[in-house]
> 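Please find one structure pasted underneath; my questions will follow.
Throughout, protein chains are lettered first and strands after them, A, B, ... in sequence-line order, and every chain is numbered starting at 1.
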Amino acid sequence: MARTTTKDAQDLFHSLRSAYASTPTNLKIIDLYVMFAVFTALIQVAYMAIVGSFPFNSFLSGVLSCIGTAVLAVCLRIQVNKENKEFKDLPPERAFADFVLCNLVLHLVIMNFLG
Amino acid sequence: MGMMSGKLGILKKILTSLPRQSKPSLITTVWSQDSPSQLKNYSLQNPRLVLFSFQNLKFLTLFDFDSHIVLISSFICFADMARNYVRFLALILAISICCEAAIFRPISESHRSAALDLFKPIDGSFSSLEETYEALRTFEVLGIGNKLDISASTCPSVVEVLGSSSSNLKTLFYALRNQRILKCALKEEILKGVSSKLKAAVNSASALPDFYHSIGGLVLIKDQTPEANVLLDDAEGVFRSIKALSQSDGRWRYGSNNPESSTYAAGMAFEALAGVISLAPSEIEQAVVATVKNDVVKLFDSIEKYDDGSLYFDEKIVNGHEHQGPIFVTSSVIRGVTAFAAVASGSLKLPGDDMLGLAKFFLGIGIPGNTKDLFNQGFHAIDSIPSSNCPFIDSERPAQGVSVSSVLGYNTPPLTVTLVQASSSSSKSASIIENQELKFDHDSSFHVLDALPKSVDIGKYLFTFEVVLNDSENEKVYATGGKTQVPIFITGVVKIDSPEIAILDSDLGSIETQKKLDLAGENSVTLSANHLQKLRLSFQLSTPSGKAFKPHQAIIKLRHESNVEHVFLVGNSGKQFEIILDFLGLVEKFYYLSGGYDIQLTVGDAVMENSLLKALGHIELDLPEPPEKAARPPAQPVDPYSRYGPKAEISHIFRTPEKRPPQELSLGFLGLILVPFIGFLVGLLTLGVNLKNFPSSAVPAIFAALFHLGIGAVLLLYVLFWLKLDLFMTLKALGLLGIFLIFVGQRILSHLASTSAKLKSGDLMTDFDPAG
């Protein structure tokens, strides 16, 4: 059974990988960006775990900026994805403009809270 | 007018009074201005009561004059009055000893200096003719006329006023008054013109002020140039028309159509009537004149009184801003009455007490001080000075002055002053001195009492003086003040015998320590006692004539080191003064405070010349311990400013700062943060990103570039915001940048959208791949 599980996992992994290869490049860029933001957040959490949460507002703002921008990027990906029927009529440039705007607002707030 | 200057020269001694002294002492009223040393010598050497007298005392009285408060000198008319047999000239001799009431002061340097201060000409002249006249007259009377030299600046205006045809009556009147003093050079025609104008005014006048000014002007012209034709044609008619304005209570109305009557107007009316009489070519009927005399008497019925005996006139109806005050009104009345009495034949009987009271009123005002006060003069017949200073008569040394002030122009009628009675204030028994006449010393013109009888001991006395005129004829001319009572202290040295202080044992009364004190010199005894013993202080007091003396104060005070004080009165029986402090009973009173106490003795009285307040020494008291419930000694007063001194220092405890991580760790993680970013870039490259979709044509390219620059600028703004800007500036900048960015972004993105739409529509089958 273990062997089957491992083989199933490997097979699953391979199939995911091959399926992923066919996604358009712009979506891959967005995925990469999301991974980057999440990793940054994780590093900040690890830092806080080591040195303590003083000053807490700085920690929060740092983590939330990463998470926020990741969330916005996910929204962008949903809207730009052509296979998504829901946003068929939304031009991708418009979605990108929203992404930029929301990011700017988020970062203004983050900068204010950073202290 | 020639008479006036002669009398001015007569003014001599104005005696100024010294302030009252606090301790009984010698004569304190050295009053001579000219020869102070002479008087002082008298007082120190001669063992007699020395009485000072005034000659030629001038009074400046306050006089309201057309809204100015002025001082009026009194003596000028005196001589005139005396010559004209004015019956109510009041010469009042007053004895100026009185002790407490230092209200009435004679004319002094202070009046003159006040006059100089208040009448200061601006640029050499005064603001109006009225003020000029007031200043001139005041200085003339006070004897400092030479200090005011404004004829050069004022004469031209006076001449101009007199010459012009448009001046009204009041201005003419004042110009003539100024002219009288300044004696400016005037042409004959001007005076003639003025007199004819005034005569016309008299005939046509109907209101009292018009009568007053025109008649007054004519009288002044008559005085200056006796040959001028100023006599009134219809004097009797004018007299009657003025009289018609009078009221039944003695007051006058200002005009026939003005129903209000005023006392001030009465004064004006009297003066105007006097002018009419003097200007009449023939005698006016006596009956008419007599009615006016009745008016005067009636007016004097309305005289009002202050508590200190001064009398004054005031308006019954106070008319707002027109009301000038009792000084104004009283002086107007007196001026009028005096003028009238001067010209009216026959006598005008007025009570001498009224005169005295009015004089007291004027003197009581003192030195006028406010800026509107101006001095002026009027014509007054009242002089009196009850003056003041506390006389303390030392029975051994020559006594103080009782000053008899007689006020008069220059002729002092012969008179005698008698000490009617001198009785002790404390005992209502028979008087000590009776009916002793005081000798008049011609050299110093004092009334002098030869030695006090030996039986007079120290103490407080009441001396009664009476002034009697030698010549009974003078009784009609002068009024004396009757009997005057003056309180007098006779002081002396009180003998203090056998003062001693002792500590006694309580039960047996035997003396443990006894020390003699020297109350004339310094003492410093040191005693010690415990609570079972007593302290005894004793001494004897006797007057110079050997009698027992009870001082006003005989006090012993014990003061602890901590400033807690205890005061005890020393009782007496006859001459012997003794106090015994029994510490057993006083333990609670002393709050059980043991330790050193300072002893202080006070013996004092007003008639005792050697009153003493002496520190006697020190006593160590040994008192038992205070029980639980004993009263605490009262808190001594602390220095009230001590609470403004520095307070105790507060040491702040600051919050300990948080522990920060070591620098290297933070820097390590900073580097670590950058790793994902680098990973992102590497991944991008792996994916093969390109910039193919970057528009190649110029305009969109610019917009694309601007778009990216705009985003970069916003991010830079955020960095600046974190570093040094505040939110408001950031938002302002962000607003501007945002507008720019929106505009640019909209352009480029719509361009891109249209481009891709074209592509899409052009190539439906191929995948849209903007990145590649």
> Angle class for the B:Phe743/B:Phe703 ring planes (parallel below 30°, perpendicular above 60°, tilted otherwise)?
perpendicular
> Under 4.5 Å heavy-atom distance to chain A, tell me which part of B:Ser666 shows up: side chain, backbone, both or neither.
both
> Let me know if B:Phe721 has heavy atoms under 4.5 Å from chain A in its side chain, its backbone, both or neither.
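Just the side chain, heavy atoms under 4.5 Å.
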> Heavy-atom distances under 4.5 Å only: say whether B:Leu665 touches chain A with side chain, backbone, both or neither.
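Looking at B:Leu665, backbone and side chain both touch chain A.
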> In terms of heavy-atom proximity below 4.5 Å to chain B, should A:Phe96 be classed as side chain, backbone, both, or neither?
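Only the side chain of A:Phe96 comes within 4.5 Å of chain B.
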> Any sub-3.5 Å donor-acceptor pair from A:Asn84's side-chain atoms to A:Ile78's backbone N or O?
yes
> Which bit of B:Leu734 comes within less than 4.5 Å of chain A, counting heavy atoms only: side chain, backbone, both or neither?
side chain
> Does CZ in A:Phe39 sit with more than 12 non-hydrogen atoms of other residues, nucleotides or ligands closer than 6.0 Å?
no
> What parts of residues 104-114 of chain A touch chain B if we use heavy atoms and a cut-off under 4.5 Å?
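So the qualifying residues are A:Leu104, A:Val105, A:His107, A:Leu108, A:Met111, A:Asn112, A:Leu114.
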> Treating B:His652 as the side-chain partner and B:Phe654 as the backbone partner, does any N or O pair qualify as donor plus acceptor under 3.5 Å?
no
> Heavy-atom cut-off 4.5 Å, strictly under: side chain, backbone, both or neither for A:Leu101 against chain B?
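Nothing of A:Leu101, per the 4.5 Å heavy-atom cut-off to chain B.
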> Using non-hydrogen atoms and a 4.5 Å limit, figure out which bit of B:Leu741 sits close to chain A: side chain, backbone, both or neither.
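The answer is the side chain of B:Leu741.
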> Compare all side-chain heavy atoms of B:Val564 with those of B:Arg559 and state whether any distance is below 4.5 angstrom.
no
> What are the two closest heavy atoms between B:Asp726 and B:Thr730, and how far apart are they?
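Looking at all heavy atoms of both residues, the shortest contact is O-OG1, 2.7 Å.
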> Assess whether side chain to side chain contact (heavy atoms under 4.5 Å, CB included) is satisfied between B:Leu621 and B:Phe590, documenting all intermediate values.
CA-CA 10 Å; B:Leu621 271 187; B:Phe590 280 23; 3.5 Å; yes
> What is the ring orientation for A:Phe99 with A:Tyr33, classed by angle as parallel under 30°, tilted 30 to 60°, or perpendicular over 60°?
perpendicular
> Taking the side chain from A:Lys28 and the backbone from A:Ala21, do they hold a donor-acceptor pair closer than 3.5 Å?
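Looks like yes, one N/O pair under 3.5 Å.
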> Quick one: what part of A:Val38 sits under 4.5 Å from any heavy atom of chain B, side chain, backbone, both or neither?
neither
> What do you reckon, is NZ of B:Lys589 surrounded by more than 12 foreign heavy atoms closer than 6.0 Å?
yes
> Say you draw a straight line from CG of B:Leu670 to CD of B:Gln663; how long is it, rounded to the nearest 0.5 Å?
10.5 Å
> Heavy atom to heavy atom, less than 4.5 Å: which residues from residues 63-76 of chain A reach chain B?
none
> With only heavy atoms counted, which part of B:Leu674 is less than 4.5 Å from chain A, the side chain, the backbone, both or neither?
neither
> Aromatic contact between B:Tyr597 and B:His618, with the criterion being ring centroids under 6.0 Å apart: yes or no?
no
> Do other residues, nucleotides or ligands put more than 12 heavy atoms under 6.0 Å from the CD atom of B:Glu620?
yes
> Heavy-atom count check: over 12 atoms from other residues, nucleotides or ligands less than 6.0 Å from B:Phe677 CZ?
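Counting other residues, nucleotides and ligands, CZ of B:Phe677 stays at 12 neighbours or fewer.
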